Amino acid sequence: MAEHLTPTAYNNWLRGKAQGLARRDEQRGGHYSVSEAKAAVHAAIADCGGRDYWTGEQLRWDLLGNYDSDESGLQGATYKRARALQPTIDHRDSRPICDFVICAWRTNDAKHDMSSEELKEFCRLVLEHNP
């Protein structure tokens, strides 16, 4: 899935994401190491089959690891929409624990800090109101 990245680039991406997750979760009361986060993220990638955990959509793995903050600043929402299916890491639920899934940026933005049950309830409400 991340075949377009060299092993070094993938490891750098993975380390950076794991550090960010561990730091953010520590601020929220979570306690796990960067190496545990790396292993959990790598396992989530291996388990996802290339698809968004929540929607089943095929993810755009070619977008992984090449985010351009300057371009994002210039294009704003247009840049973000073009990368809607870029793989990203999500907590399976809202607790600050080392339990991750892979989903699209768009899905992660919509879910934000909801638990899996809150997300399902929210989606049910949207569908019931807009059949």
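Keep in mind the model is a prediction, meaning the values are calculated, not measured. Below, all heavy atoms of this structure are taken into account, side chains as well, without hydrogens, waters or symmetry copies.
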Sequence-distant partners of His31, ring-ring contact (aromatic ring centres under 6.0 Å, His included), two or more places apart: none
Partner set under ring-ring contact (aromatic ring centres under 6.0 Å, His included) for Tyr53, not counting sequence neighbours: none
For [X], give me all partners under side chain to side chain donor-acceptor pair (under 3.5 Å), at least two apart in sequence or on another chain.
X     : answer
Ser94 : none
Ser33 : Ser35, Glu36
Gln75 : Glu71

Lys111 (side chain) donor-acceptor with His91 (main chain) under 3.5 angstrom: yes
Any donor-acceptor N/O pair, Asp52 side chain to Glu57 backbone, under 3.5 Å: no
Within 6.0 angstrom of Arg92 CZ, more than 12 heavy atoms from elsewhere: yes
Verdict with supporting geometry, Ile102 and Ile89, side chain to side chain contact (heavy atoms under 4.5 Å, CB included): CA-CA 5 Å; Ile102 304 302; Ile89 305 153; 4.1 Å; yes
Point-to-point distance, once rounded to the nearest 0.5 Å, from CZ of Arg106 to CG of Asp109: 10.0 Å
Hydrophobic cluster partners of Trp105 (side-chain heavy atoms under 4.5 Å): Tyr67, Tyr79
Transitive ILVMFWY side-chain link Leu21 to Tyr10, under 4.5 Å: yes
